[in-house]
Amino acid sequence: MPGDGDMDAAPMAAFPGGPGEGPLCTPSLGWAAEGPGSSGKNRRVSQATARLEMGSLWEEFNRLGTEMIVTKAGRRMFPTFQVKLSGLDPLSDYVLLMDFIPLDDKRYRYAFHSSSWLAAGRAEPAAPGRVHFHPDSPAKGAQWMRQIVSFDKLKLTNNLLDDNGHIILNSMHRYQPRFHVVLVDPRRDSERFAHQNFKSFSFPETQFMAVTAYQNHRITQLKIASNPFAKGFRDGDPEPWCGVPAGSLLGATGPRARATALPSHPEKQDKAPPVAPPGFPELPVPPFQPLACPTSVFVGSKPHTLPYPLLSTYSTTTAPTFGYGQQ
């Protein structure tokens, strides 16, 4: 929260990158893929590519220094993490999931006089490592490539005792979302090939600061201006869109606003219990031999094992040395 920590530190305006950050591979704007070492991947994942949707909006937030609200009950991300996949085997099954890694070993505070973030000491002990499975997993590659994949059910929380399967983050810490495509390998000894059957993606423009309340007023304005669920805030403000330049978001928000009903109370919308689509079955356990995994990994409200060793071999970007995933 504002005022936490009094240590001298250099400010950063929007945190586009810094010391302690893992290598993030981005062949071109809006696209990301694994770094060197992907040549040993299974051919059914080696050609997979992912394009970040709403890339211009993510960039606009990133220039200001994206902030994401974390609450005890869990809060959805905005912008929503959405990707368009290509290069998958249409007939193979894939599981899609996300996790979040700390970008450094620091805790931050916001300096209002300079509108910048300052390092305020060492990071707090890492929260329990969790992943979020896309609820349609597993599904054929053809299905994943047919439409935009949206992680709109994912919620962020700062409740260390959360039992709803939300992603647990520490407030005032920086994070990088990661997206993973995992091939469902039907072989009985599939664990032997776990390191070959996945591909990971990172988009630097999606990194953010976890907060319990927005610190930068420009982030607040931009969220209200671009979030279709914030209609109530826009209608009640005498100044159109809180001073955000008109037209800067029209191209990014128009289709989304037309496609979604706009409730008057976004808070009530966010806290409503998630309702599964009619007739949609509970996420089945992948039809292959899973590996042992940390007991703190959840899918929805139930613990599940992972289809590969999450915290050891699935990424060419090694986990930070300050304790991520060691609970």
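In this chain, residues are counted from 1 in sequence order. Both backbone and side-chain heavy atoms feed into the values below; hydrogens, waters and symmetry mates do not.
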Would the distance check show the side chain of [X] and the main-chain N or O of [Y] forming a donor-acceptor pair, the cut-off being under 3.5 Å?
| X | Y | value |
| --- | --- | --- |
| W117 | R109 | no |
| Y94 | D89 | yes |
| K41 | H195 | yes |
| S202 | R178 | no |
| S190 | P186 | no |
| K155 | H166 | no |
| T157 | T71 | yes |
| R174 | Q207 | no |
| N170 | P125 | yes |
| R122 | R107 | no |

[X] vs [Y] side-chain heavy atoms within contact, under 4.5 Å:
| X | Y | answer |
| --- | --- | --- |
| L88 | P90 | no |
| V182 | F133 | no |
| T66 | M209 | no |
| L52 | E205 | yes |
| L169 | I167 | yes |
| P79 | E60 | no |
| H134 | L97 | no |
| I69 | L156 | no |

### Query
Nearest 0.5 Å, what's the CE-CZ distance between M98 and R130?
15.5 Å
### Task
To the nearest 0.5 angstrom, please state how far the CE atom of M54 sits from the OG atom of S150.
7.5 Å
### Task
Kindly indicate whether a cation-pi arrangement holds for R187 with F193, taking the cut-offs as under 6.0 Å to the six-membered ring centre and within 45° of the axis.
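Judged by the rule (NZ or CZ under 6.0 Å from the ring centre, within 45° of its axis), R187 counts as positioned above F193.
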### Query
Should the pair K223 and F61 be classed as cation-pi, given the thresholds of under 6.0 Å to the six-membered ring centre and 45° from the axis?
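So K223 does make the cation-pi contact.
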How about [X] and [Y]: does a side-chain donor come under 3.5 Å of a side-chain acceptor?
| X | Y | value |
| --- | --- | --- |
| D99 | H180 | yes |
| T206 | Q176 | yes |
| T49 | S86 | yes |

Same apolar cluster: [X] and [Y], side chain cutoff 4.5 Å:
| X | Y | result |
| --- | --- | --- |
| V131 | V95 | yes |
| L160 | F100 | no |
| F208 | I168 | no |
| V181 | I148 | no |

### Task
Please test S171 against Y108 for side chain to side chain contact (heavy atoms under 4.5 Å, CB included), starting from the C-alpha separation and ending with a verdict.
CA-CA 9 Å; S171 179; Y108 292 87; over 6 Å; no
### Message
Would D93 and K140 count as a salt bridge (Lys or Arg N to Asp or Glu O under 4.0 Å) here? Give the steps.
### Response
CA-CA 4 Å; D93 287 315; K140 299 293 183 184; 3.5 Å; yes
### Query
Aromatic rings F151 and F179: how do their planes relate, parallel, tilted or perpendicular, breaks at 30° and 60°?
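Ring orientation of F151 relative to F179: perpendicular.
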### Task
Hey, can you tell me if H173 and Y175 have their rings parallel, tilted or perpendicular (30° and 60° cut-offs)?
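Tilted: the ring planes of H173 and Y175 meet at 30° to 60°.
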### Task
May I have the step-by-step check of side chain to side chain contact (heavy atoms under 4.5 Å, CB included) for L222 and L64, ending in yes or no?
CA-CA 9 Å; L222 186 54; L64 298 176; 3.9 Å; yes
### Query
Which heavy atom of S46 sits nearest a heavy atom of K199, and at what distance?
O-NZ, 2.8 Å
### Query
For the residue pair M145 and G87, what are the closest heavy atoms and their distance?
SD-N, 3.6 Å
### Message
Evaluate K72 against D162 for salt bridge (Lys or Arg N to Asp or Glu O under 4.0 Å), listing each step before the verdict.
### Response
CA-CA 8 Å; K72 294 296 183 183; D162 174 78; over 6 Å; no
### Query
Taking the six-membered ring for Trp, are F201 and F203 ring centroids under 6.0 Å apart?
no
